[in-house]
**Q** 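One structure coming up, written as structure tokens, with questions to follow.
Every chain is numbered from 1 and lettered A, B, ... according to where its sequence line falls, protein lines coming before strand lines. Note that the coordinates shown come from a computational prediction; the quantities given were computed from them, not determined experimentally.
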Number of protein chains: 2
Amino acid sequence: METTTLQRAYDVYEDRCPTRLVLDRIADKWALLILDRLDGEPVRFNHIRRDIKGISQKVLSQTLKKLERDGLVSRTVFATVPVTVEYALTPLGRTLTETVATLAHWAERNMDAVLTAQRTYDAAAELR
Amino acid sequence: METTTLQRAYDVYEDRCPTRLVLDRIADKWALLILDRLDGEPVRFNHIRRDIKGISQKVLSQTLKKLERDGLVSRTVFATVPVTVEYALTPLGRTLTETVATLAHWAERNMDAVLTAQRTYDAAAELR
DNA sequence: CGGGATCCGAGCAGATACTG
DNA sequence: CAGTATCTGCTCGGATCCCG
């Protein structure tokens, strides 16, 4: 077979190489939404939670921790009362959001085409 | 808040708009690997299965069906004995793989940085 | 405010067996 | 060859309670 980039990444994962770990992070819908939300000025925990409707505090916390571990997001604690915590993109994270934005634009542009395809597919399945 | 593309997509989803459905598809690791594998000439079912190590036949079948429903992948049956089925990207699917490839390249380029960040993070956590 | 700890149910994934 | 069907985990995510 011809070898594509993603496939190489996967092959390597099978040998316990970590490119795939990066892919797993990218393929997480909550992580994508959070990264996208952090594009701009630093944001506080509950602020993110309010903005990304439907995310639970648990999942938000877990995902932020993963992103911080990967060096994509920074976490800054301010010793106020009560405590204030700000999350922001690291320079590395910023390079990723540029790519992620491309995906988002694709989704916006091609949403209608996908929906039309779905309706056609479902209509054909109906006949059986 | 400032409104980003992905956030708009999510907001709309909360109102049952379908942009988010597209994002859910994109955020699926198996779907990404399959789309990437299909970039090129048409491929048969078991061929994909062999190439994408670790995928089960059930998940491959389900994911291909979703991708076909979304109009990203085409399925062609040849009346041989036994039956031959070829999967290929549709023109729409091809526009997506271009973007996906960008993500894959990001992963390749920044894998080392991510790993270093993880080690630093874990070392710091170790001290507690 | 920014989380951690716990419990619980649904859904997804793996293994196996069977079929046109 | 290209799947479907079934069963069985087992993880993920939601809800709730709590704390510094």
Side-chain angles (χ1 to χ4, degrees), chain A residues 1 10 13-14 20-21 23-34 37-38 41-69 73-88 121 124-125 128, chain B residues 1 10 13-14 20-21 23-34 37-38 41-69 73-88 121-122 124-125 127-128:
Chain A
M1 66 173 280
Y10 194 84
Y13 169 73
E14 284 290 299
R20 178 55 182 281
L21 297 176
L23 289 175
D24 273 346
R25 189 72 8 100
I26 290 171
D28 178 352
K29 65 173 177 180
W30 293 122
L32 285 176
L33 287 165
I34 292 171
R37 177 62 194 87
L38 290 181
E41 44 196 66
V43 196
R44 302 224 307 277
F45 186 87
N46 281 329
H47 198 151
I48 305 176
R49 203 186 160 191
R50 273 191 302 274
D51 286 347
I52 303 184
K53 292 159 194 155
I55 194 170
S56 72
Q57 146 269 91
K58 177 185 175 182
V59 173
L60 175 56
S61 172
Q62 289 174 342
T63 309
L64 280 171
K65 212 174 292 181
K66 287 183 198 167
L67 292 172
E68 187 194 356
R69 179 168 183 264
V73 162
S74 68
R75 181 178 183 273
T76 312
V77 182
F78 297 95
T80 53
V81 180
V83 156
T84 302
V85 181
E86 278 188 355
Y87 291 92
Y121 183 94
R128 276 180 271 120
Chain B
M1 68 173 278
Y10 194 83
Y13 169 71
E14 283 290 301
R20 178 56 180 282
L21 297 176
L23 289 174
D24 273 346
R25 189 73 5 102
I26 291 171
D28 177 353
K29 65 173 177 181
W30 293 122
L32 285 176
L33 286 164
I34 292 172
R37 177 62 194 86
L38 290 181
E41 43 197 67
V43 197
R44 302 224 307 278
F45 186 89
N46 281 330
H47 198 150
I48 305 176
R49 202 186 161 193
R50 273 190 303 274
D51 286 347
I52 302 183
K53 293 160 195 155
I55 195 169
S56 71
Q57 128 273 74
K58 176 184 173 182
V59 172
L60 175 56
S61 173
Q62 289 173 343
T63 309
L64 281 171
K65 213 175 293 183
K66 287 182 198 169
L67 292 172
E68 187 194 356
R69 178 168 183 265
V73 163
S74 68
R75 180 177 183 274
T76 313
V77 182
F78 297 95
T80 53
V81 180
V83 156
T84 303
V85 181
E86 278 188 355
Y87 291 92
Y121 184 93
D122 293 344
L127 302 179
R128 277 180 271 119

**Q** Less than 4.5 Å apart, side chain to side chain, heavy atoms only: is that true for A/Leu64 and A/Arg75?
**A** no
**Q** Whole angstrom is fine here: how far is it from CD1 in A/Ile52 over to C1' in D/dG13?
**A** 15 Å
**Q** Which pairs, with at least one residue in residues 54-69 of chain A and sequence neighbours excluded, count as a side chain to side chain donor-acceptor pair (under 3.5 Å)?
**A** A/Arg69-B/Asp122
**Q** Below 4.5 Å, heavy atoms only, C-beta onward: do A/Ile52 and A/Leu60 meet side chain to side chain?
**A** no
**Q** Measure CD1/B/Ile48 against P/D/dA2 and give the value in whole Å, please.
**A** 9 Å
**Q** With a 4.5 Å limit on heavy-atom distance, are the side chains of B/Ile55 and B/Ile34 in contact?
**A** yes
**Q** Between protein and nucleotides 2-17 of chain C, map the contacts as a letter string: B base, S sugar-phosphate only, - none, heavy atoms under 4.0 Å, written 5' to 3'.
**A** SBB-BB-----BB-BB
**Q** Rounded to the nearest 0.5 Å, how far does CZ of A/Arg44 lie from CZ of A/Phe78?
**A** 10.0 Å
